[in-house]
Structures are given as C-alpha cells and as structure tokens.
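Worksheet: one structure, shown below.
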Amino acid sequence: MSGPILLDRLKAQFGDKITGANLEAIDPWIEVAPEGLVEVCQYLKTQDDLQFNFLNCITAVDYFEPDPKKAAKVEWKPHIELVYHLSSTVKKHTLVLKVILPRWKDDVPGQLPEVPSVTSVWKTANWHEREVYDLSGVRFIGHPDLRRILCPEDWVGHPLRKDYEMPLEYHGIRGR
Amino acid sequence: MIGAVIDWSAFLFYLFAAVACGFALAVVLSNHIVHMAFYLTLALGATAGLFLLTGSQFVGAMQFMIYVGGTLVLLVFGVMLTAQHRFVSIRTRAGEWITAAVLGGALLMLLGYVAWAVPDWHAAPPAHVPPEQVESTSRLGLALTGVRMDGGSGYALPFVIVSVHLLVVLIGAGYLARARVRVSDAAARKEMP
Amino acid sequence: MLPGVQVGQPVAHRLAYLWRAPAWGRPLLVERSSWDRCRRGLSIEGNDVVEFFEATLNWPSWLAWTAVALIQCFLLINLVAGGALFFIWLERKVAGRIQDRLGPTRVGGKFGWLQTLADGIKLLAKEDIVPKEADPFLFRMAPYVSFTASFCGWLALPFADNWVGQRLNVAVFFIVAIVGLEVFGVILAGYASGSKWSLFGAMREAAQVVSYEVPLGLCIVVPVMIAGSMDLVTIGNKQAGYFTNWFIFHDPAAFVVFWVYFTCAVASVNRAPFDLAEAESELVAGFHTEYSGLRWSFFFMAEYGSMLLVSALAAILFFGGWHGPFPIISQGLVPALAAMTGASVDSPVLVYLANLAGCANLIFKAVIGVTVMMWVRWTLPRLRIDQVLTTCLKYCVPLAALCFLAEVWFQLYPHTNPMPLNRLQWGAPRASIEVREGWLPLSPVSPDDVQEAQLTHSQEHRG
Amino acid sequence: MATRLEDPRVVEFDVRTDEMLVNMGPQHPSTHGVLRLVLRTDGEVVSEVQPHIGYLHRCAEKIGENLTPRQWIPYTDRMDYLAGMNMNLGWSLTVEKLLRYELPEKARHLRVIICELGRIASHLVGMGAYGLDLGTFSPFLYAFREREKILDLFEEACGARLTYSYICPGGATADLPKGWLQKCEKFLDEFAPVIDEYHALLTTNAIFIKRTAGIGILPAEMAIDYGCSGPVLRGSGVDFDLRRDGEPRYTSMYDGYAFEVVVQKDGHYPRDHKYPPVPKEAVLGDCWHRFYVRMLEVVQSMDLVRQGIEFYSRSKGDWGTPIKLNQKLPKGEAYLETEAPRGQMGFYIVSDGSSIPWRVRARSSSFCNLSVVSELCRGCLIADVPAIVGSLDIVMGEIDR
C-alpha cells in the first residue's frame with residue numbers, strides 16, 4: 001500500500017488525530033496526536049491489509065539547543081519527537097509514526113511529558129518505553145511497570161536529553 | 001610394662017563410648033537444630049563403632065546406613081526445606097527440661113536394669129572370637145524372615161508390623177505437612193499477575 | 001565335609017526348607033568359607049605383620065598392633081590423597097585431549113605431572129574465607145565429614161586376596177553405607193554456607209543421593225547373590241581363573257546390572273552428567289560456592305576418593321577384582337617360579353608377589369573406571385534434577401529390581417542361564433569356594449560338633 | 001520492584017516449602033555477561049523471573065551524538081562484540097541510506113562474505129556457549145577452535161580480531177588481501193565436516209534433547225508481539241528474514257544470491273534431509289528449535305560465503321571509498337534494520353545538516369529477545385533458566401549499549 005493512500009485512509013478514519021505527514025522523506029512518516037496514538041496503532045495492527053504486528057523501535061528525539069547562540073538559528077521550537085518504527089512480518093512493509101510532545105509537561109521544567117502507552121498493542125513496547133522513559137524522560141500513561149531499565153533506579157536525570165548534565169558524583173564514583 | 005595396660009579393645013570401647021555419650025549430651029544441650037544433627041551423627045557413628053567392635057558388623061553397617069546416612073540426612077533435608085528463617089534454634093523451657101529429665105532418667109534406669117540382668121555380664125568375659133568367624137548376617141536375615149537359630153520364634157510379624165507402621169507414619173506426615181490454603185487466598189493468588 | 005552339607009542342592013529346596021524351619025528346631029548355620037580363608041603371605045590385615053613384629057623384633061603386643069594400624073592408615077591415606085593428586089592431573093589431561101588441547105605441560109617436566117601439586121600449594125596459600133552469613137562451626141566441619149566418609153570406605157576394600165584394611169563379612173554393605181555418608185558433609189556445607197546457591201546444591205545432592213542409594217543397593221545384591229557372600233575378598237576370589245569367570249559374564253542379569261550399577265555409582269559420587277550439586281552453569285558452584293583454599297580441596301579429595309572407590313568396587317564385584325583376564329600369575333608364573341626355586345606355591349614371597357600383581361591389576365581396573373567417568377563428564381551435557389530422579393526411579397530401580405529377580409531365577413535354574421561364556425568354565429576357580437556361605441542349613445548339631453568340625457576342617461586345609 | 005517480588009504466594013495442597021528470592025547474576029557463570037535475573041523460586045520451580053539489565057550501559061547513543069558517523073563505528077563494534085562486522089554493516093548501511101550513497105559492486109560482495117563469516121563466528125559462540133549452559137564444556141572449545149580460524153581471516157583483512165571497524169559507510173577500510181579468498185575457501189572446506197561433530201555432540205544427543213526439547217516454548221504470536229527476531233523468531237516458525245524481506249537497500253546486497261530462509265515449513269526445515277531430523281519431543285518454538293535454526297544458518301552462511309567468493313572474484317572495480325571522517329550529512333533521518341546474527345539490528349540516524357548526527361539510536365535485537373524471558377521462564381525449573389536464556393543467545397553489550 002502506498003503512502004498517500006494509507007494517509008488518506010487514516011485521515012478518513014481518525015480525522016484530526018492525524019496531525020501531519022511527510023511522504024517525501026527517506027522514511028516517509030505520519031504524525032499522530034498523542035491522544036489518538038493507541039487507537040491508530042490498534043487500527044494499524046488489526047486491519048487485515050495492514051497487519052503492522054511488529055513494533056521495531058521507539059525512539060525519542062530531543063529537539064533542544066542548549067547553546068543560546070545556536071538556538072537562535074534553529075528553525076524549530078524545542079520539543080520531543082517520539083518515533084515509532086512499525087513493520088509487518090506478514091505484509092513485509094514498514095511505517096514510521098511520529099508523536100510530537102512538549103519537552104516538559106505544561107512547560108514546567110522537571111514535569112515529564114506524557115503520552116499513552118502502546119503496551120496494550122505490542123508487548124515489546126514495554127521495554128522500549130521503559131528505555132525511552134529512562135534515557136529521554138517521557139512518561140507513558142498506562143504502562144504496567146514504568147521504571148528505569150538501563151540506568152540504576154536512583155539515577156537522576158535523563159541522559160539523552162540535550163540539556164542533561166552528567167552528575168559530578170554517584171555513590172562516591174567520580175562522574176566528570 | 002605398659003603393654004599390660006594398653007588393651008586396644010578396651011581402649012576403643014571406652015573411646016567410642018565416651019564419644020557416643022559426650023555427643024549425646026551435646027545433642028541435648030545444643031539449641032541449634034543442625035548442630036544437634038551433626039552431634040547426633042557423631043554419637044550414632046560412635047555407636048556403630050561399638051557394634052563393629054563387638055563383631056556385629058552387619059548391625060554396625062546398618063547403623064551407618066539407616067541412622068546416619070538415612071534418617072539424619074532426611075532430618076537436615078527437612079530442616080532446609082521447611083525452615084522459615086535461617087539457622088533455626090530451639091529454646092528449651094524449664095518445664096521441658098524437667099519432663100525430659102524424668103523421662104530420660106526413667107529410660108536410663110530401665111536400660112541399666114536390663115543390661116545388668118543379662119547373665120553374660122556377670123560371667124567371665126567370653127573367649128576372643130576372630131572377627132571373620134562371627135557370622136551374624138545370615139542369622140539376622142533368617143530371624144527377620146521367621147527363622148531363629150536359638151529356637152525362639154522369628155521376627156517376621158514384628159518386622160511387618162513395624163514396616164506398616166512406618167508407612168502409615170510417612171503418609172501421615174505427608175498429609176500433615178500439606179499447606180492448608182483458604183479458598184479466598186487461593187483465588188486471590190490466581191488473580192495475581 | 002560337614003555332615004548335612006550338600007553341595008549343589010537346589011535353592012528351591014533350601015528355601016522350602018527354610019520356611020519349615022521354625023517348627024523344625026534348632027537349625028545351625030555354619031559359615032563354611034570363613035574357615036577356608038587362606039591366610040597366607042603378608043596380609044595388610046595385620047596378623048602376620050603383627051606376628052613378625054612380636055616374634056622377630058620382640059615388640060610387645062600392643063606396640064605391634066599400634067604399628068600395624070599406623071602403617072595401614074598411612075597406606076590408605078596416601079592412596080586416597082595421592083590418588084586425588086593423580087586423578088586431578090589425569091582429569092586435566094583427559095579433558096585436554098578430548099577438547100583438542102594439551103592439558104598441563106609444564107610443572108614437573110614431562111606431561112605436567114606435578115601440576116596438581118602446584119595447585120595444592122596454591123590452595124594452601126589461599127585465604128581461608130568463612131562468609132559472614134555462614135555458620136562457622138558447621139562450615140568448618142563439613143569438608144572433613146565428606147572426606148572422612150569417602151576415606152572410611154577404603155577401610156573395607158580389599159586390594160588383593162586378603163590385602164584389606166579390615167576384613168568385614170559385610171564389606172559390600174559397609175562400603176555402600178559409608179559412601180552414602182559423604183552426602184552429609186555436602187548437605188552441611190550447603191546449609192552452613194549461608195548462600196542460596198549452596199542451599200540449592202545441598203538440596204539437590206540430598207534428593208539425588210538418597211534416591212540413588214536404592215538402585216545402587218539393588219545392583220550390588222546381584223553379584224553378592226552370585227558369590228553367596230558379602231565379603232569382598234570372597235567375592236573377588238570366586239572370580240579367579242579366566243575372564244569368563246568374571247561376574248559380569250556370569251549371566252545376562254549380571255551383565256545388565258553392571259551398567260545400572262555404573263550409572264548409579266556415577267550419580268552417587270556426583271559426577272557429570274549427574275553433577276547437579278555443583279552445576280556451575282546453574283548454581284555457580286553449588287554446595288562449595290563459598291569454600292576456598294584447603295577446605296575446598298577436601299571436597300575434591302573426597303570426590304576423587306569416592307570415584308576411585310566405586311570404580312574399585314565395580315572391579316571387584318563384576319570384573320574379577322585382583323584376578324586378571326588370564327590366570328598368568330596364579331596358574332603360570334607362580335607355579336613356574338615355585339618349580340624353579342623349589343619353594344612351595346604357598347611360600348610367603350611368592351604369595352606376596354602374586355598379591356602385588358593382583359593389587360596392580362585391581363588399581364588398573366579401577367583407574368579405567370575413573371577414566372570412563374571422566375570421558376563421560378567431558379562429553380555429555382548435564383541432566384536436570386527431575387530428569388535425574390526420573391532416571392533413578394523410573395529406569396534404574398525397576399531395571400535393578402528386574403535383574404535381581406532374574407538373578408534369583410538363574411540361581412534357581414542355572415541350566416537356563418544363556419550366557420555362553422559362563423559354560424566354558426575355563427580355569428575353574430577353586431572348588432572350595434563353590435560352597436555358598438551361610439546358605440546351607442545343616443542338620444541340628446551341638447556347638448561342640450561345630451567346633452570339632454572347624455578344627456578338622458582347618459587341619460585339613462592347612463595340611 | 002522489590003515490593004512486587006515480596007508478594008506472598010502460597011503453594012496449594014502440597015507440602016509447603018519456603019519461597020526464595022535468588023539473584024542469578026550479575027556475576028554468574030551462565031548469564032552471558034552481566035545480566036541479573038531475580039528468580040522467585042519454590043524449591044526448584046521458578047515462579048517468576050525478573051531480568052535486570054544495564055550493568056554494561058555506556059550510553060553509546062549519547063556518544064554517537066558527539067561523534068561523526070565514521071568515528072562512531074568502533075562503538076558499534078562494542079555492541080554485539082561477538083559479531084562486530086554485522087554491527088558495522090548495520091550502521092554503515094544506515095549512514096549510506098541517509099547519504100543516498102550507491103555502493104560499488106565489489107564492496108557489496110565483500111560485505112556479504114565478511115558478514116556471513118561474522119554470522120558463522122557468532123553462531124559458533126552461541127552454540128558452544130549453549131553447550132556450556134547445559135553443562136558440557138567440550139563443544140565450547142570445539143566451537144572456538146573453528147571461530148579462531150574465522151578470526152584469523154578477519155585479522156588478515158582488517159588487523160583486528162574482535163572489534164574490527166572494517167566495514168564503514170562507503171565500503172570497507174581496505175580490500176581483501178591477496179590470497180585471502182583461497183584461505184577462506186580452505187576454511188570452508190575444513191569446516192563443513194566439523195558441523196556433523198556438533199550435531200553428534202549436541203543436536204542429537206539424548207540428554208541435550210531432554211534438556212531443550214519442549215522447554216521454553218515461544219509461540220509465534222508471542223514472539224512477534226515481543227519483537228523477537230532472528231533465530232529466536234524463526235525458531236518459532238515465523239518465516240521472516242530481513243535478508244529476503246527487508247528494505248531494498250539491504251536486500252539488494254543479496255541480489256543474485258540463492259538462499260532459503262531457515263524456518264520450519266510444513267514440518268520441514270530446508271535441507272533437513274542432510275541434517276539430523278527434528279526429535280519427537282521438540283515443539284516448534286522451544287529451545288531445541290532455536291538452537292537448530294542457528295546450526296542450519298551456519299550452513300546457509302557457508303553457502304552464501306561460497307557464492308560471495310565467486311561473485312567477488314568476478315566483479316570489477318574497487319571495494320568502495322570510505323566516506324570522509326567529517327563528511328557533512330544531509331538534513332533528514334534514516335532508519336534501517338539488518339539481519340544480524342542475533343536478530344534485527346536497527347540503526348536510526350537523525351541529522352541536522354552538520355557532520356555530527358543530532359540523534360543516534362540503536363535498536364538492539366538481544367534487547368527485545370531478552371524481554372520475553374520472564375514470559376518463557378514462568379513455571380520452569382532452575383536448571384531451565386540457563387537453558388532458556390542461552391537459547392535466546394543474548395549479548396549484554398548489545399542490550400545495554
């Protein structure tokens with residue numbers, strides 16, 4: 001199924017929950033609003049001609065420039081992009097979904113942005129979301145067991161945020 | 001001449017007897033159950049030594065196999081499996097001490113009486129029999145199957161009774177050790193993730 | 001010949017007779033073979049050495065006995081400890097060869113034969129750690145319990161005709177009982193270590209050893225039944241002559257039961273594929289996870305001592321013990337030497353030489369058994385605990401029981417024995433040992449008669 | 001977490017024993033590195049397994065945001081350190097995808113040869129270490145004996161034996177040396193008969209079958225749901241291999257190569273007439289099938305290497321020029337998955353137009369494969385835990401990144 005047809009179909013199905021798309025990119029992507037994410041994923045997985053039964057990866061990309069000089073030049077506002085790479089082992093096709101989130105919930109620094117969890121759709125999302133939570137600081141609502149996975153449980157901060165600073169000391173171990 | 005003094009048979013008898021009695025006492029005085037089992041091993045092992053010393057090799061080996069190798073291993077095994085916390089210790093209260101002392105004393109008196117009542121103990125010690133001429137195995141085996149050398153009736157019936165009794169005890173122990181779970185608990189457990 | 005003794009009386013007849021016995025009066029069982037035990041040559045059992053010390057050196061009796069006891073202890077302890085040194089080296093070499101490696105090559109020049117000694121020195125130098133969580137007393141005692149148990153088995157094991165620490169008429173039974181005690185040390189170690197992995201190892205070991213004692217005991221009954229004795233010296237001597245007289249070739253039941261025995265023996269000494277108590281891929285190191293240095297090595301000495309012990313036991317029970325496959329020494333070399341020197345066949349020197357050859361023979365067979373265990377260890381994966389117990393209870397026990405019944409059958413009806421080798425009767429063993437020890441109920445005799453008979457018999461024999 | 005594990009559970013109508021919480025790892029002989037599994041056991045029965053990872057975490061993705069793509073290649077080596085070549089390939093292809101770079105013919109075949117050799121080397125460790133998990137030591141050394149020969153070949157090609165950094169965006173750092181192909185063919189000839197030894201020691205061994213057949217059954221739906229890939233997915237009977245079903249940028253590498261995806265179809269594996277049959281006890285998706293798929297993939301890879309050698313020696317031109325160390329990247333993003341020995345290894349690169357990527361992401365196959373372990377280990381015995389974890393063939397360097 002080609003990109004434009006799928007996009008039209010999703011738009012017809014979900015209306016304004018499909019907030020954008022880029023079909024010219026190397027990997028064409030469709031942008032979904034956070035509130036519609038689970039529905040869209042469920043739809044993509046269960047439709048007979050789509051069958052996106054395989055969640056390859058969830059990535060969070062932090063768009064933020066800590067250097068004020070450079071920050072003036074960038075054309076985007078600070079935000080976090082969640083990228084969902086999907087594929088189908090049956091139909092052998094792939095799809096990229098994006099969800100745009102604010103860097104902080106309600107723009108209060110320290111309040112992690114929230115997005116519904118897709119663990120109910122693909123079980124593999126469990127660990128991927130934990131990793132995103134751990135390293136990029138995104139809270140997944142409805143996740144059964146959201147805790148750090150790679151960093152120790154008492155680690156402070158989310159290392160893949162662009163404004164992350166390595167702690168000077170962790171349990172007596174020098175950090176920097 | 002020391003040679004007249006050191007009689008190895010007597011020496012080993014006293015050694016084994018002392019070990020058996022000493023560790024039996026240690027079993028009573030210790031309040032750590034696995035230590036007790038260990039002391040009991042030594043006490044029972046020394047008893048087996050006493051048997052071997054008298055030439056009752058079969059009974060000696062049996063003592064090792066059943067009591068030391070079987071019962072005690074099962075005892076420690078049971079402790080390991082069921083211990084609610086590590087290194088179980090048993091505190092004995094004064095009342096228990098008194099009861100135990102009375103019971104133990106009574107048993108000791110009975111045993112002493114029976115022992116001294118055996119005529120051989122009053123007679124001169126029997127002539128030394130070379131150990132390879134002591135054949136107890138076949139006699140024991142036959143006695144258990146109902147044939148006795150000295151004309152008495154065999155032990156087939158008591159043997160069977162004891163076996164059945166042990167079987168009943170085993171089944172009973174298994175029954176008693178079952179966990180009794182309330183249905184609500186069981187249901188709750190099934191619901192847990 | 002004693003009155004009433006009928007050689008070759010059908011066993012069924014005897015059994016029926018036994019059932020009637022209580023009404024019949026005072027049956028007396030006379031152990032015939034204990035009379036015709038030949039006590040010739042230098043016997044580790046002590047008597048002749050004691051005689052030598054007393055008569056020739058004029059030592060007091062107590063000193064002579066003490067000296068003999070000490071000599072025996074020295075020999076046996078060195079056998080177990082030296083055996084462990086050798087077998088650890090052998091294990092490394094065997095493992096190396098199996099795995100396309102060389103194994104130790106350096107220490108001690110050729111073949112790295114001193115490697116184990118170097119390791120021993122390393123172990124001596126290691127820190128002796130007692131974990132904080134451990135029960136220090138039991139933790140310290142456990143290795144000694146294991147080693148003592150493994151060592152005590154050697155007391156009753158003959159190395160040649162009458163070369164035995166303490167000859168017992170229930171030697172087989174004694175050894176099985178004692179080897180079973182080794183598990184007690186392992187359980188104590190596992191419990192006292194204060195480590196969960198050790199506890200798992202100990203629980204597995206307890207379950208495994210307690211289960212495997214059952215088929216092991218059943219297996220041992222078969223050769224005991226063939227020999228009619230639990231005395232290992234008697235069992236060994238009944239297999240004199242050609243290899244066709246070995247009990248493994250006696251009948252199909254014995255042949256099958258040997259393999260069951262070997263399986264159970266491997267399991268009861270905790271060797272792969274039954275080494276669950278120390279399964280390193282699951283339980284780190286099982287019961288000896290927390291041990292270090294010399295204490296740890298005690299467990300290993302116990303393991304290798306037990307391996308050699310059960311292999312030696314297998315050699316005596318099934319493979320003729322100290323008798324080679326062909327009676328070169330006893331029927332060829334010794335008579336030839338006797339003829340040459342004009343000495344009697346029973347002369348102490350010749351008997352000593354024959355026994356020495358027999359001892360080497362037995363140890364060679366035992367080492368083969370140990371090597372097979374190593375071969376198995378480095379080839380097979382490990383079983384799971386439930387599979388180990390299934391193997392025991394579902395296969396070994398019924399098989400051993402079946403063999404036991406088959407053996408009873410072959411004893412009752414020897415002519416149905418299909419084993420062709422057994423019919424050959426090459427180099428027939430001495431006629432005297434055809435008599436079944438303790439199996440022949442005699443007509444009622446007074447104790448005096450028995451003593452008289454004993455006297456006559458021993459005179460006959462010596463003459 | 002701790003509180004969750006302390007929930008009291010009761011064994012019903014049975015002799016009651018204490019439940020134990022046991023730490024398997026991070027220092028444990030059979031957790032393949034520094035994996036820590038918290039087991040809740042009732043005697044020998046494991047009622048729950050909680051994997052704890054991260055002991056080898058280096059945040060390679062953060063490092064990738066500070067280095068140019070070529071500089072990051074050594075870090076990919078250290079992800080799946082048993083198959084560094086395949087990691088290099090995944091990253092190189094992703095960068096090439098972003099650059100829209102077209103690879104010369106010769107470089108394509110070189111990559112096939114090298115990566116399939118890497119797959120053999122990796123599966124050999126997986127096989128040997130699996131034997132070790134089940135308590136047999138010898139196959140491990142037999143596997144390493146052959147692996148050493150592959151490493152010798154790699155050393156000759158790139159100078160390294162473990163962390164190669166050989167394949168890079170644009171091709172490879174060097175051409176194969178003279179005479180290398182003959183040596184490689186010689187290795188393949190020597191290696192072919194050895195595989196029967198492995199089958200005799202492990203695949204068909206009765207104890208091995210008893211330990212693996214019917215243990216840790218992973219149904220196909222669950223495997224897909226948990227994002228399992230590679231031999232773990234194919235062992236469950238899912239006919240999916242990126243070398244055939246992946247993106248054109250990756251599958252074009254295998255254009256002209258004849259190979260059959262190793263998966264059980266209609267109860268048969270490709271060429272199972274030549275290799276030991278599936279035992280009766282084995283259930284599709286169990287440890288035995290995962291192991292068997294790996295064994296057959298070794299043969300498949302040998303075939304591919306032979307074909308690659310032929311293509312390579314026939315193709316003209318050079319082996320490709322590596323991109324500059326500070327090559328400017330076009331603005332955009334690219335995601336590509338390759339079929340690494342342990343499954344689908346994905347790399348994601350986001351560029352803002354400078355030579356240093358804005359964001360780098362590695363989708364690790366072992367990470368997803370491991371996530372299914374608590375599902376597989378429910379109700380098994382302690383001895384099955386190493387058997388199951390071993391059959392997933394994880395590498396902690398890749399999981400923790």
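Lettering follows sequence order; numbering is per chain, from 1.
- Using a 4.5 Å cut-off between heavy atoms, Ser88(A) contacts chain D through its backbone alone, with no side-chain atom that close.
- Within 6.0 Å of OH on Tyr75(D) lie no more than 12 heavy atoms contributed by other residues, nucleotides or ligands.
- Looking at Val83(A), the atoms closer than 4.5 Å to chain D (heavy atoms on both sides) all sit in the side chain, from C-beta outward.
- Ring centroids of Phe52(A) and His93(A) are separated by less than 6.0 Å, placing the two rings close together.
- A 4.5 Å side-chain heavy-atom check between Val132(A) and Phe140(A) finds at least one atom pair inside the cut-off.
- Only the backbone of Arg161(A) has a heavy atom closer than 4.5 Å to any heavy atom of chain D.
- For the pair His52(D)/Val38(D), a side-chain contact is recorded, criterion being any heavy-atom separation below 4.5 Å from C-beta on.
- Options Cys228(D), Gly346(D), Gly332(D) differ in how many heavy-atom pairs under 4.5 Å they form with chain A, and the most are formed by Cys228(D).
- Heavy atoms of Glu61(D) lying under 4.5 Å from chain A belong to its backbone as well as its side chain.
- Within residues 164-174 of chain A, the residues having any heavy atom closer than 4.5 Å to a heavy atom of chain D are Tyr164(A), listed by residue number.
- Aromatic rings of Phe347(D) and Tyr335(D) (six-membered ring for Trp) have centroids beyond the 6.0 Å cut-off, not under it.
- For the pair Arg401(D) and Phe367(D), the cation-pi test (distance below 6.0 Å, angle within 45°) is passed.
- At a 4.5 Å heavy-atom cutoff, Trp155(A) makes no contact with chain D through either its backbone or its side chain.
- Looking only at heavy-atom pairs under 4.5 Å with chain A, the residue among Lys62(D), Glu375(D), His57(D), Arg361(D) that has the most is Arg361(D).
- Only the backbone of Ile58(A) comes within less than 4.5 Å of a heavy atom of chain D; no side-chain atom from C-beta onward does.
- Side-chain atoms of Arg234(D) do not come within 3.5 Å of backbone N or O of Val293(D) as any donor-acceptor pair.
- Note: Trp76(A) and Tyr63(A) have perpendicular aromatic rings, judged against thresholds of 30 and 60 degrees for the angle between ring planes.
- Within the 4.5 angstrom heavy-atom criterion, only backbone atoms of Asp62(A) (N, CA, C, O) approach chain D.
- If you tally non-hydrogen atom pairs under 4.5 Å between each of Leu56(D), Leu370(D), Val238(D), Leu336(D) and chain A, the highest count goes to Leu370(D).
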For this session: Assess whether salt bridge (charged side-chain N to carboxylate O under 4.0 Å, His left out) is satisfied between Arg244(D) and Asp239(D), documenting all intermediate values.
Result: CA-CA 10 Å; Arg244(D) 187 194 64 196; Asp239(D) 186 9; 3.2 Å; yes

For this session: Assess whether salt bridge (charged side-chain N to carboxylate O under 4.0 Å, His left out) is satisfied between Glu75(A) and Lys331(D), documenting all intermediate values.
Result: CA-CA 13 Å; Glu75(A) 64 261 39; Lys331(D) 211 170 153 195; 2.3 Å; yes

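- A salt bridge is defined here as a Lys NZ or Arg NE, NH1 or NH2 lying under 4.0 Å from an Asp or Glu carboxylate O, and Lys98(A) with Glu81(A) meets this definition.
- For Glu221(D), no part lies near chain A; criterion is any non-hydrogen pair under 4.5 Å.
- Most heavy-atom pairs under 4.5 Å with chain D, from the set Leu55(A), Val74(A), Asn56(A): that is Asn56(A).
- The aromatic ring centroids of Tyr269(D) and His289(D) lie less than 6.0 Å from each other.
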